[in-house]
Amino acid sequence: MIYNILNKKILTKDDIIYLLKTDKTERNILFKKSAEVKQKSIGNKVYYRGLIEFSNICEKNCYYCGIRKSNKNIKRYNILDDDILKSAKFAFDANYGSVVLQSGEIANDKFTRRIENLLKKIKLLSNNKLGITISLGEQTEETYKRWFKAGAHRYLLRIETSNRNLYYKMHPENKNHNFNNRINCLQNLKKIGYQTGTGIMIGLPFQSLSDLADDLIFMKNIDIDMCGMGPYIEHKDTPLYKYRNLLLPLEERFILTLKTIAILRLLMPNINIAAATALQAIDKIGREKALKIGANIIMPNITPGKFRNHYKLYENKPCIDDEPDDCKQCLDARIAISGNKIGYGEWGDSLHFKKKKYFF
Ligand code: 5AD
Ligand code: SF4
Ligand code: FES
């Protein structure tokens, strides 16, 4: 049965659900196939994106997230621009190829200008050599355009779940958290010319395998260039924590995430797929396992060590006691072991995006 599915050109929703349900023997067949598809379409190079989580101040109140506005149990921080630039310089000197700027969500003129200025300066300090991904939530089309012009060329905005009903179980239903707006933002990003990435959380309370299959079909339909998805990990200072008894055990959420990554690789052979940090919160070599079965991007944390402890979206976040240099050495060794090569100094753009551009 599984071989029939894996040999098909087009997977139906039922096929995807079958693959999500596979037992240990069959899931290993799935993983072998997704590893082959990765090797054939994009090879075994892994690209680094040095991740700078520059502020945990957020205007939103997502029910699952540890840095949501209403959580009073954390210390808020906002790294100075000069220190952000130092981190970017570290990434450049370490030959990482790209950086990711991420923070809690803030939308106002001052923030737009601040990011615009940072983007320009990062381009300057690296002679235009560092690639820049940003992950700064929902913004106006105008803001997205300004940031694109200032030098960002990839944008990550997770849809979190493509099921509208589930979306509103995970977020308050108000103008700050609007499902349609999130979809609009993704369309705008694509229109402007960003390599556009989205993603979901896997193992949310109330989420079914049918939902996950729909999420994968959603990604295929909107034709994303990149994806970052990881397991949902409960956080005790969030409203969603009260549903923790509905969750799959962590190990099962982990396996389900690997399966979802593998299936996405079958559906979209040449996109970039990140090995999410949340995988490592469950399994010490979780990210390496993801690289083996289909992922090709890793985001080493280059946030200065003293702030890391405060960017806790979920419990058990890895590397919080480490400094950027520790992660570099640790990762280099890990990736060598996973049978992949590091694309040092390269942007590692989505091949999917490059091919699309060629055709239009
Ligand atoms: N578990 C896993 N991932 C989470 N995120 C936020 N909170 C959690 C959590 N509790 C993810 C969301 C968001 C990204 C920045 O972090 O998908 O888009
Ligand atoms: Fe803010 Fe993002 Fe967390 Fe939502 S998921 S509360 S937008 S940081
Ligand atoms: Fe951060 Fe290993 S990747 S210490």
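All figures in this text were calculated on a predicted structure; none of them were measured in a lab. Worth knowing before you read on, the calculation uses all heavy atoms, side chains too, and leaves out hydrogens, waters and symmetry mates. Each ligand, and each atom within it, is numbered from 1 in the order the structure gives.
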>> At under 4.0 Å between heavy atoms, is it the side chain or the backbone of E160 that contacts ligand 1, or both, or neither?
In response: side chain

>> Give me the residue, atom name and distance of the protein heavy atom closest to atom 2 (Fe) of ligand 3.
In response: C330 SG, 2.2 Å

> Who's closest to atom 3 (N) of ligand 1 heavy-atom-wise, of K317, M201, E105?
Replying inline: M201

> salt bridge (charged side-chain N to carboxylate O under 4.0 Å, His left out) with D81: which of R113, R114, K86?
Replying inline: R114

>> Give me the nearest non-hydrogen protein atom to atom 9 (C) of ligand 1 as residue plus atom name, then the distance to 0.1 Å.
In response: I233 O, 3.5 Å

>> salt bridge (charged side-chain N to carboxylate O under 4.0 Å, His left out), that's the test. Do E116 and R146 meet it? Break it down for me.
In response: CA-CA 7 Å; E116 195 172 35; R146 279 172 60 181; 2.9 Å; yes

>> Considering Q102, R68, R158 one by one, which has a heavy atom nearer to atom 11 (C) of ligand 1 than any of the others?
In response: R158

>> I want to confirm something. Looking only at heavy atoms, which of P231, G199, C65 is nearest to atom 2 (C) of ligand 1?
In response: P231

>> Just checking: C62, one of its N/O/S atoms, less than 2.8 Å away from atom 1 (Fe) of ligand 2, yes or no?
In response: no

> Counting only non-hydrogen atoms of the protein, does one fall under 4.0 Å from atom 8 (S) of ligand 2?
Replying inline: yes

>> Looking only at protein heavy atoms, which one is nearest to atom 7 (N) of ligand 1, and what is the separation?
In response: Y64 CD1, 3.3 Å

> Is there a donor-acceptor contact under 3.5 Å linking the side chains of E53 and N301?
Replying inline: yes

> Do the side-chain N and O atoms of D211 and N163 include a donor-acceptor pair separated by under 3.5 angstrom?
Replying inline: yes

>> Tell me if the aromatic rings of Y344 and Y48 count as close, with their centers under 6.0 Å from one another.
In response: yes

> ligand 1 versus H235, non-hydrogen atoms closer than 4.0 Å: side chain, backbone, both, neither?
Replying inline: neither

> If you count the atoms of ligand 3 from 1 in the order shown, which ones are under 4.0 Å from a heavy atom of C319?
Replying inline: 1 (Fe), 3 (S), 4 (S)

> Does the ring center of Y314 lie less than 6.0 Å from the ring center of Y232?
Replying inline: no

> For atom NZ of K13, is the number of surrounding heavy atoms from other residues, nucleotides or ligands below 6.0 Å larger than 12?
Replying inline: yes

> Of all the non-hydrogen atoms in the protein, which one sits nearest to atom 16 (O) of ligand 1, and at what distance?
Replying inline: L313 CD1, 3.2 Å

> Does D225 pair with K190 as a salt bridge, N-O distance under 4.0 Å?
Replying inline: no

>> So that I know where these two stand, are H177 and Y168 an aromatic pair - ring centroids less than 6.0 Å apart?
In response: no

>> Tell me the protein heavy atom at minimum distance from atom 2 (Fe) of ligand 2, and give that distance in Å.
In response: C58 SG, 4.6 Å

>> Closer than 4.0 Å to some heavy atom of R287 - which atoms of ligand 3 meet that?
In response: 3 (S)

>> How far is atom 3 (Fe) of ligand 2 from the closest protein heavy atom, and which atom is that?
In response: C65 SG, 2.3 Å

> Considering only heavy atoms of R68, which atoms of ligand 2 have at least one such atom less than 4.0 Å away?
Replying inline: 6 (S)

> What's the spacing between I233 CD1 and K312 NZ if we round to 0.5 Å?
Replying inline: 12.0 Å

